[in-house]
Asks: 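Here's a structure for you.
Naming convention: chains lettered A, B, ... in sequence-line order (proteins, then strands); numbering from 1 in each chain.
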Amino acid sequence: MAKVVSLADGIAELVRDGDLVALEGFTHLIPFAAAHEIIRQGRRNLTLARMTPDLIYDQLIGMGCASKLIFSWGGNPGVGSLHRFRDAVQNGWPTALEIEEHSHAGMANRYVAGASGLPFAVLRGYTGTDLAKHTETVRQITCPFTGEQLTAVPALQPDVTIVHAQRADHDGNVQLWGITGVQKEAVLAAKRSLITVEELIDELEPVPNQVILPGWAITAVSLVPGGAHPSYTMGYSTRDNDYYQRWDAISRERETFTGWMRENVL
Amino acid sequence: MTDYSTDEMMTVAAARRLRDGAVCFVGVGLPSTAANLARRTHAPTLVLVYESGCLGAKPDRLPLSIGDGVLAEHADAVISVPEVFNYWLQPGRVDVGFLGAAQLDRYANINTTVIGGSYDSPKVRLPGAGGAPEIAASCREVVVVLRQSPRSFVDRVDFVTSVGFGDGPGYRERLGLRGAGPRTVITDLGVLEPRDTTCELTLTQVHPGVTVDDVRAATGWELSVAPNVTTTEPPTEHELATLRALEATLNGAP
């Protein structure tokens, strides 16, 4: 059964310098509070994996936690660029950031392979794109049955995956619903996992289609109400769209960014 | 006649391109606005698929991003992202892929990755691929919507994020891409379509008040022009009113 831990203890125990870390959540259920705890605990040299880095990784990158990013779409959804990500890629500030770039289909399939215990996934993708030329982890493969040329991508197996969810019981069984992105796959692909939840309840009422991650398949659960803010948790909170809009101005310059992080996160 | 902006004409023209009953994979921004306009006007049974896993989304306001909760609340089904790509897009269950672009070239190749310099040291770093490469490869056809300027319409894209017609006829077939590729490009100035024999984007339609020379001036290559360029029907009162009501939902209206 998963342990129920405080967020600070969970991060201290599960996230180590140099780890491959995935914080997933597709617009919905993004584990911001956990990312802020990683920043406060000063982790370094993380390889960060995530389909859509958006603000949560802009903050981790800008605070110097990451040395590499594995991703498929790096922007502030509906607003524009990620300025801290760009500053790190283009100018190496605050540290140089290596990138490994995929498409969404490729990233999703890398997690599927990881969760399936397979070395790679096969898909019809990347053909004819320049991504295939720049990303080592995209290779051509021949179907052994038809001879067709397809694409292989290696399994992505994070040292630790962190996601946010609606609720869990005290044995660490987790229910999540709404837009569930790649969270289930990313958790099952990882060696260790931490799920932050809005509510801890005595007994989960089984509801069909509310994705359950059983307590025996995850490492730890932390009660963190509002842990997805400024993202949202269906049934509990709405997306703080103003925050996403304001982030553009906050993150544009190094000084305003660090000042804001010092005041609001550290 | 009601006044309308060039962006409104572009969005209406893009919406009209989506036929009722089609299954449409919707990208964020302009395509999403146009697809939602189509569903509220001539195409009430248009099926909207968003890469966040919302299948048959029926939002009652414009979504602020592709993962907006309003897309999940009214969807036929909410599925995982691996399912979206593996079960629905890859086998060819989607009729139209509706994409935006930062750069587009004469063979309708799309760049949303880097502009200028090199990949490792670009002048401008853009968000990247997202779902677009496989949408462009696997949908039965692709519709691209973007504003037209010499900066966005370039002779050769700096990076091929998503394949249009590569370097010309036979390219998609040689690669084994299953969809027909970008059949229509809709801009704030007019409509371009690939010529059958050369696959080169050709101006076939201009919006009201736009001349062929205007479009030439906004294109970074020597533009091919169809012999009979038609003029787009201006937006109807109903289309405009619906579009404006829809866009008002982004600013906090219900």
Side-chain angles (χ1 to χ4, degrees), chain A residues 25-28 30 51-53 71-82 85-86 89-90 99 101-109 111-112 115 121 123-131 133-134 148-150 177-185 209 211 231-232 234 238-239 241 244, chain B residues 28-29 50-54 63-69 71-73 78-86 89-91 109 111-114 117 119-138 157-163 166 171-172 174-178:
Chain A
F26 207 106
T27 311
H28 180 218
I30 301 176
M51 291 181 65
T52 56
F71 76 111
S72 45
W73 192 88
N76 180 349
V79 180
S81 297
L82 294 177
F85 159 57
R86 272 170 72 157
V89 171
Q90 294 176 2
I99 60 170
E101 186 166 4
H102 280 270
S103 69
H104 278 353
M107 280 294 279
N109 277 288
Y111 283 125
V112 168
L123 70 153
R124 248 185 217 109
Y126 297 94
T127 312
T129 71
D130 283 341
L131 263 181
K133 294 177 200 158
H134 291 278
E148 189 182 350
Q149 291 296 298
L150 298 163
W177 62 86
I179 292 173
T180 55
V182 287
Q183 285 98 303
K184 186 170 76 175
E185 290 78 9
N209 301 102
V211 178
S231 146
Y232 71 103
M234 189 173 237
T238 54
R239 191 169 183 260
N241 291 309
Y244 284 83
Chain B
V28 73
Y50 286 82
E51 67 194 12
S52 52
C54 301
L64 285 145
S65 76
I66 49 166
D68 194 310
L71 296 174
E73 278 163 36
V78 182
I79 58 179
S80 73
V81 168
E83 276 186 57
V84 174
F85 287 99
N86 289 353
L89 182 62
Q90 191 165 263
N109 300 300
N111 174 18
T112 58
T113 304
V114 287
Y119 175 74
D120 295 320
S121 179
K123 215 165 116 203
V124 182
R125 173 70 229 195
L126 301 167
E134 286 80 20
I135 295 171
S138 296
V157 288
D158 294 342
F159 189 98
V160 179
T161 310
S162 308
V163 178
Y171 187 84
R172 292 184 69 88
R174 281 197 297 280
L175 292 182
L177 303 179
R178 299 192 155 191

Asks: Kindly give the heavy-atom pair with the smallest separation between A:Gly178 and B:Val78, and that separation in Å.
Replies: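 Heavy-atom minimum between the residues: O-CG1, 3.2 Å.
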Asks: Examine the side chains of B:Glu134 and A:Ser103 and answer whether a donor and an acceptor come within less than 3.5 Å of each other.
Replies: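 The answer is yes; a qualifying pair exists.
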Asks: If you take all heavy atoms of B:Gly67 and A:Ile179, which pair is closest and at what distance?
Replies: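 Heavy atoms of B:Gly67 and A:Ile179 come nearest at O-CD1, 3.5 Å.
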Asks: Please flag which part of B:Arg172 lies under 4.5 Å from any non-hydrogen atom of chain A: side chain, backbone, both or neither.
Replies: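 Contact with chain A involves no heavy atom of B:Arg172 at all.
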Asks: With rounding to the nearest 0.5 angstrom, report the CG to CG distance, A:Asn109 to B:Asn86.
Replies: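 Result: 4.0 Å between the selected atoms.
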Asks: Where on A:Phe85 is there a heavy atom nearer than 4.5 Å to chain B: the side chain, the backbone, both, or neither?
Replies: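 Looking at A:Phe85, just its side chain touches chain B.
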Asks: Show the nearest heavy-atom pair for residues A:Thr180 and B:Ser80, with the distance to one decimal.
Replies: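 Looking at all heavy atoms of both residues, the closest pair is OG1-CA, 4.3 Å.
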Asks: Which one of B:Ser162, B:Gly128, B:Pro127 has the most heavy-atom pairs closer than 4.5 Å to chain A?
Replies: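 Heavy-atom pairs under 4.5 Å are most numerous for B:Pro127.
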Asks: With B:Ala137, which residues qualify under side chain to side chain contact (heavy atoms under 4.5 Å, CB included), at least two apart?
Replies: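 B:Ala137 satisfies side chain to side chain contact (heavy atoms under 4.5 Å, CB included) with B:Leu177 once adjacent residues are dropped.
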Asks: Below 4.5 Å from any heavy atom of chain A, which atoms of B:Tyr171 appear? Answer side chain, backbone, both or neither.
Replies: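 The side chain, not the backbone.
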Asks: Quick one: what part of B:Val84 sits under 4.5 Å from any heavy atom of chain A, side chain, backbone, both or neither?
Replies: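 When you check distances to chain A, no heavy atom of B:Val84 falls under 4.5 Å.
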Asks: Let me confirm one number: the OG-CZ distance from B:Ser138 to A:Arg124, rounded to the nearest 0.5 Å.
Replies: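 Here the rounded value is 7.5 Å.
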Asks: Report the distance from atom CD1 of B:Ile66 to atom CH2 of A:Trp73, rounding to the nearest 0.5 Å.
Replies: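 Atom-to-atom, B:Ile66:CD1 and A:Trp73:CH2 are 7.5 Å apart.
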Asks: Looking at B:Val160, B:Leu64, B:Ile79, which one has more heavy-atom pairs under 4.5 Å with chain A than the rest?
Replies: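 Top count of heavy-atom pairs under 4.5 Å with chain A: B:Val160.
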Asks: Check step by step if side-chain contact (heavy atoms from CB on, under 4.5 Å) holds for A:Arg239 and B:Asp68.
Replies: CA-CA 8 Å; A:Arg239 191 169 183 260; B:Asp68 194 310; over 6 Å; no
Asks: For A:Leu131 versus B:Ala129, what's the shortest heavy-atom pair and its separation?
Replies: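 The pair with the smallest heavy-atom distance is CD1-CB, 3.7 Å.
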Asks: Quick one: what part of A:Tyr111 sits under 4.5 Å from any heavy atom of chain B, side chain, backbone, both or neither?
Replies: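 Neither part.
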Asks: At a heavy-atom separation under 4.5 Å, does A:Glu148 approach chain B through its side chain, its backbone, both, or neither?
Replies: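 Interface part for A:Glu148: side chain.
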Asks: Sort out for me which of A:Ala108, A:Ser81, A:Gly125, A:Ala105 touches chain B most, counting heavy-atom pairs under 4.5 Å.
Replies: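 Counting heavy-atom pairs under 4.5 Å, the top option is A:Ala105.
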Asks: Return the minimal non-hydrogen interatomic distance between B:Gly69 and A:Met234, and the atom names on each side.
Replies: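 For B:Gly69 and A:Met234, the tightest heavy-atom pair comes out as O-CE, 3.9 Å.
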Asks: Tell me, side chain or backbone of A:Met51 under 4.5 Å from chain B's heavy atoms, or both, or neither?
Replies: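 Only the side chain of A:Met51 comes within 4.5 Å of chain B.
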Asks: Quick one: NE2 on A:His104 to OG on B:Ser52, what's the gap to the nearest 0.5 Å?
Replies: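 Output value for this atom pair is 9.5 Å.
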Asks: Only pairs of heavy atoms separated by less than 4.5 Å count here; which of A:Gly181, A:Gly80, A:Pro77 has the most with chain B?
Replies: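 If we count pairs closer than 4.5 Å to chain B, A:Gly181 comes out on top.
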Asks: Contact part of B:Glu83 toward chain A, heavy-atom cut-off under 4.5 Å: side chain, backbone, both or neither?
Replies: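 For B:Glu83, no heavy atom lies under 4.5 Å from chain A.
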Asks: Calculate, to the nearest 0.5 Å, the distance between atoms OH and CG belonging to A:Tyr126 and B:Leu175 respectively.
Replies: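 Output value for this atom pair is 16.0 Å.
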Asks: Chain B heavy atoms under 4.5 Å from A:Ile99: which part of the residue, side chain, backbone, both or neither?
Replies: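 A:Ile99 touches chain B through side-chain heavy atoms alone.
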Asks: Against B:Pro133, only a single residue in A:Thr127, A:Asp130, A:Thr129 fulfils side-chain contact (heavy atoms from CB on, under 4.5 Å); can you say which?
Replies: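 Of all the options given, the one that passes is A:Thr129.
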Asks: If we check side chain to side chain donor-acceptor pair (under 3.5 Å) with B:Tyr119, which of these qualifies: A:His134, A:Lys133, A:Glu101?
Replies: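 For B:Tyr119, the side chain to side chain donor-acceptor pair (under 3.5 Å) check succeeds only for A:Glu101.
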Asks: Taking every heavy-atom pair that is under 4.5 Å apart, which of B:Ser121, B:Pro63, B:Pro122, B:Gly130 has the most such pairs with chain A?
Replies: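 Most pairs with chain A among the choices: B:Gly130.
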